[in-house]
Amino acid sequence: MKKIHDIIEDLHRHVHVVLTRLSDQPIEINELVITPCKKEFAKDFTLVLFGLAKKLRKNPEVLGDELGKALMENQSIQSYEVIKGFLNFSLPDQFWIDLVNSLQGNSVEEQIKLDKTYKYLIEYCSPNTNKPLHLGHVRNILLGWSVYLIQKSLGHEVFTTQVINDRGIAICKSMLAWTKFGEGQTPESTGIKSDHFVGDYYVLFETKFREEYLTWQNSEEGKLAFENSKKADESEADFYKRFKNEYFSKISPLGQEASEMLRQWERGDEAIISLWSRMNQWVYDGFEKTQNLLGVSFDFSYYESQTYLLGKDLIQQGLDKGVFQKSEDGAVFVDLTDAGLDKKFLLRSDGTSIYITQDLGTATQRHLNHGADRYIYIVADEQDYHFQVLFEILRRLEVPFSDGLYHLNYGMVELPTGRMKSREGTVVDADDLINEVIREASVMAQERGELENLSKEDKDKVISQIGLSALKYQLLKVHPKKRMIFDPTESVDLQGNTGPYIMNAYVRIQSILRKTENLEKSQPNLILQEEKDLLNLLIHYPKAIQEAGHSLDPSQLANYVYQMAKDFHKYYHDVRILNAETQEAKLWRLNLIGIFSNYLSHGMSCLGIEMPDRM
RNA sequence: GGUCUCGUAGCUCAGCUGGAUAGAGCAUCUGCCUUCUAAGCAGAGGGUCUCAGGUUCGAAUCCUGACGGGAUCACCA
């Protein structure tokens with residue numbers, strides 16, 4: 001059974017043969033630019049002539065005319081029209097019949113599968129364990145999951161992973177606050193979602209610490225510090241802002257306690273480790289609930305507590321190879337200035353490892369464990385520099401997988417009011433956001449009343465699918481690399497360029513199909529222009545999703561699916577399907593929309609969006 | 001200050017491997033539900049594609065520069 005790809009290639013070949021006959025110059029088949037014709041010219045396809053005309057030293061319009069005539073004689077095309085440098089042409093019925101056969105005879109997956117596939121490992125989400133997930137994580141999660149789904153549907157072998165930062169001073173702050181002020185409370189006893197429960201103690205620590213710092217600032221000691229250590233012209237406020245870290249590590253009783261806790265953790269103190277495990281488990285349980293709500297999962301998890309010591313062997317190798325250097329106090333660094341980067345430290349003078357040491361370690365460890373061809377790190381673009389350095393170092397160490405490393409650096413999410421700041425309480429919490437979009441969907445569904453006959457369970461499921469589609473599509477339709485402004489009130493919009501709009505197109509089709517029985521496959525004897533528009537979108541679907549996969553950019557797929565829904569809504573409005581003029585037309589249209597809905601739901605499913613049958 | 005990145009309608013965004021008159025949605029205004037789900041369709045208004053040069057038959061798209069936003073430049077993560 002021919003695939004769409006073959007049919008398009010045939011078309012190019014027909015044009016190429018004729019063109020070669022008209023030309024004294026060799027022309028490559030991939031020099032032909034054939035696109036769908038713009039709607040106002042009422043033809044099926046367009047060949048752009050400028051490039052060819054230049055190469056053949058002919059006037060574009062003359063060339064277009066010659067070409068059109070020859071293709072007509074050949075019966076490759078049905079009609080044509082040359083406008084400026086464009087050859088617009090329509091194809092014979094056989095082309096469309098072949099196409100419909102291809103669509104009926106191959107699944108979407110078969111149509112889009114790539115010949116050459118790879119093994120991917122995709123890292124996404126990668127949370128810290130001191131706070132619940134927020135809007136930034138949601139963008140990350142949805143991107144990662146969609147990239148995963150797209151690659152998988154193209155036939156690649158794909159695995160997902162998250163690196164969990166479960167150690168360090170941050171979690172110790174939560175632990176300390178809980179020890180001091182928690183009075184034995186638990187998520188169960190308070191009924192608070194467990195990751196939020198831990199996050200609340202992190203916030204409590206910060207609050208107590210701020211109070212403590214303020215008290216100190218007003219004490220004799222604090223005032224003295226200001227007088228003695230301030231820079232010329234430095235205001236009191238500026239000084240105390242700058243001094244905060246030093247206060248935390250050298251003076252603050254709370255700071256001392258938290259640091260001591262970290263040291264105890266590193267020594268393996270049993271009581272501390274047990275508290276740490278307990279609180280982290282609360283956080284994981286909470287994360288998992290949120291991730292389940294979003295419908296995502298991971299094949300592997302890496303925990304920093306288990307990987308932070310990795311990388312030291314690599315440092316030694318680097319030193320042996322002469323790629324790294326040792327400074328006088330024993331710290332190890334690498335000089336990357338010749339690559340346009342800076343000097344980067346890799347090991348502290350006391351021999352302990354830092355962030356990048358660990359990343360070097362996990363990178364090699366992962367390659368040992370999974371042996372993928374490509375490693376995709378989905379991490380916000382604030383870490384661009386870090387990844388440039390990381391990848392450059394791995395190249396210099398000549399690790400075998402350095403060509404397969406890719407940082408998908410998505411832009412940060414901002415609110416209409418500006419950046420999210422935890423200190424100002426403007427962070428949009430993931431769970432709150434999810435609940436909010438579902439609540440809004442519920443209100444609207446109530447108004448429409450289409451779900452009245454469903455059981456409570458089915459109804460809730462559909463409502464949650466609608467709400468989530470709004471949120472997911474809203475975040476995925478923007479190009480990943482772009483910093484985006486996220487308006488929570490817009491995310492609950494259900495009209496226009498939104499998830500529910502696309503969903504509605506699918507649901508309308510299902511509603512029609514429910515009203516018919518025994519669909520025979522049928523060939524059209526007449527294809528309306530509106531139907532060719534729909535078919536044209538299906539023709540280009542494989543290319544669209546392949547391009548989205550190639551560039552790791554779900555927004556291309558999102559926008560494509562929107563275009564499909566838009567054209568369908570118009571078709572639905574203009575053309576009668578169940579009450580078609582003839583039985584033949586009805587059968588054909590039912591077939592067409594059935595196929596179309598398969599592609600719609602395929603595209604949406606690759607965005608991680610499930611489609612209900614009614615809404 | 002160095003490096004990277006972005007600048008398209010009132011707002012949020014497509015388009016960017018150069019092609020026809022720069023597109024959507026929201027918001028504003030006007031029509032269309034006795035006809036397959038109106039979460040829909042049709043229409044109106046809204047643009048110096050930040051600015052200035054350059055390359056080209058042709059530039060929102062490529063190059064250079066300016067201006068404006070953002071990120072980053074720790075023996076932090």
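Below, read A as the first sequence line, B as the second, and so on, with proteins coming before strands; counting in each chain starts at 1.
In this pair, A:His134 and A:His137 present their aromatic rings tilted. The plane angle is within the 30 to 60° band. In this structure, A:Phe86 and A:Phe50 have perpendicular ring planes: the angle between them is above 60°, well past the 30° mark. Using the six-membered ring where Trp is involved, A:Phe391 and A:Tyr377 have ring planes that are tilted, between 30° and 60° apart.
Of the C1' atoms belonging to B:C13 and B:G31, the separation is 28 Å, rounded to the nearest Å. B:C62 and B:C16: their C1' atoms are spaced 10 Å apart (whole Å). The gap from the P atom of B:G53 to that of B:G43 amounts to 38 Å, rounded to the nearest Å. One C1' atom belongs to B:A27, the other to B:G65, and the distance between them is 38 Å to the nearest Å. Nucleotides B:U3 and B:A66 place their P atoms 11 Å apart, quoted to the nearest Å. Between B:A22 and B:G68, the two P atoms lie 30 Å apart (nearest whole Å). With both ends at atom C1', the span from B:C67 to B:C29 equals 37 Å, rounded to whole Å. The separation of B:A38 from B:A52, taken at their P atoms, amounts to 48 Å, rounded to a whole angstrom.
Within the structure, every side-chain polar atom (N or O) of A:Arg348 is placed at least 4.0 Å from both OP1 and OP2 of B:A74. The side chain of A:Lys566 places an N or O atom within less than 4.0 Å of a non-bridging phosphate oxygen (OP1 or OP2) of B:G25. Between A:Lys54 and B:G58 there is no side-chain polar atom (N or O) within less than 4.0 angstrom of OP1 or OP2. Contact annotation: A:Lys570 reaches the phosphate of B:A42 (side-chain N/O to OP1 or OP2, under 4.0 Å). Considering only side-chain N and O atoms, A:Lys344 lies nowhere under 4.0 angstrom from the phosphate OP1 or OP2 of B:U72.
Comparing B:U21, B:A14, B:C75 against the side chain of A:Lys84 picks out B:U21 as the nearest. Closest approach to the A:Phe345 side chain among B:C75, B:G40, B:C6 is made by B:C75 (side chain taken as heavy atoms from C-beta onward). Nearest nucleotide to the A:Asp342 side chain, out of B:C13, B:C73, B:G69: B:C73. Residue A:Tyr501 has its side chain nearest to B:C41 when only B:G19, B:C75, B:C41 are considered. Of all nucleotides listed (B:C16, B:G70, B:G40), B:G70 comes nearest to the side chain of A:Arg483.
Nucleotide B:C41 forms a pair with B:G31, judged by Watson-Crick or G-U wobble geometry with both contacts under 3.5 Å. Pair assignment for B:C26: B:G10, on the basis of Watson-Crick or G-U wobble contacts that are both within less than 3.5 Å. B:C4 is paired with B:G70 under the Watson-Crick or G-U wobble criterion, all donor-acceptor distances under 3.5 Å. Here B:A20 sits opposite no nucleotide as a Watson-Crick or G-U wobble pair (both hydrogen-bonding atom distances under 3.5 Å).
If you check residues 377-385 of chain A against RNA chain B, the residues with a heavy atom closer than 4.0 Å are A:Asp381, A:Glu382, A:Tyr385, listed by number.
Ionic pairing of A:Lys344 and A:Glu392 is not present here: no N-O contact between side-chain nitrogen and carboxylate oxygen is shorter than 4.0 angstrom.
A distance of 6.0 Å or more separates the ring centres of A:Phe333 and A:Phe324. The ring of A:Tyr501 has its center closer than 6.0 angstrom to the ring center of A:Tyr562. Checked against the 6.0 Å centroid criterion, the rings of A:His540 and A:Tyr560 do not qualify as a close aromatic pair. The six-membered or imidazole ring of A:Phe243 lies away from that of A:Tyr247, with a centre-to-centre distance of 6.0 Å or more.
Put simply, CG on A:Asn128 is 17 Å from P on B:C76, counting in whole angstrom units. In this structure, A:Glu530 places its CD atom 13 Å from C1' of B:C41, rounding to the nearest Å. We find that NE2 of A:His386 is positioned 14 Å from P of B:C76, with the value rounded to whole Å.
You'll find a donor-acceptor pair under 3.5 Å spanning the side chain of A:Thr46 and the base of B:A20, going by distance alone.
An anti base is found at B:C63: its glycosidic angle is more than 90° from 0.
Side chain to side chain, A:Glu123 and A:Gln162 fail the donor-acceptor criterion of an N or O pair below 3.5 Å. In summary, the side chains of A:Thr498 and A:Gln474 do not present any donor paired with an acceptor at a separation below 3.5 Å, with no hydrogens or angles considered.
Here A:Ile466 lies in heavy-atom contact (under 4.0 Å) with a base. Looking at heavy-atom distances under 4.0 Å, A:Asn88 makes contact with a base.
Across the interface with RNA chain B, nearest-nucleotide mapping of A:Asn559 and A:Arg419 shows A:Asn559 to be the residue nearer the 5′ end. Checking A:Asn497 against A:Thr35, the closest nucleotide of RNA chain B that is more toward the 5' end is the one next to A:Thr35.
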Atom pairs under 3.5 Å: protein N/O with N/O of nucleotides 32-38 of chain B:
unit_1, atom_1, unit_2, atom_2, d
B:U35, O2, A:Arg576, NH1, 3.4
B:C36, O2, A:Leu578, N, 3.0
B:C36, N3, A:Ile577, N, 3.3
B:C36, N4, A:Tyr572, O, 2.5
B:C36, N4, A:Val575, O, 2.7
B:C36, N4, A:Arg576, NH2, 2.8
B:U37, OP1, A:Ser511, OG, 2.5
B:U37, OP2, A:Ser511, OG, 3.2
B:U37, OP2, A:Lys515, NZ, 3.0
B:U37, O2', A:Arg508, NE, 3.1
B:U37, O2, A:Arg448, NH2, 2.3
B:U37, N3, A:Met615, O, 3.1
B:U37, O4, A:Met615, N, 3.1
B:A38, OP2, A:Arg508, NH2, 2.4

Using a cutoff of under 3.5 Å, can you pull out all pairs of nitrogen or oxygen atoms linking the protein to nucleotides 28-30 of chain B, with atom names and distances?
none

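Taking every heavy atom of both residues into account, A:Leu336 and A:Ile393 meet most closely at CD1-CG1, 4.3 Å.
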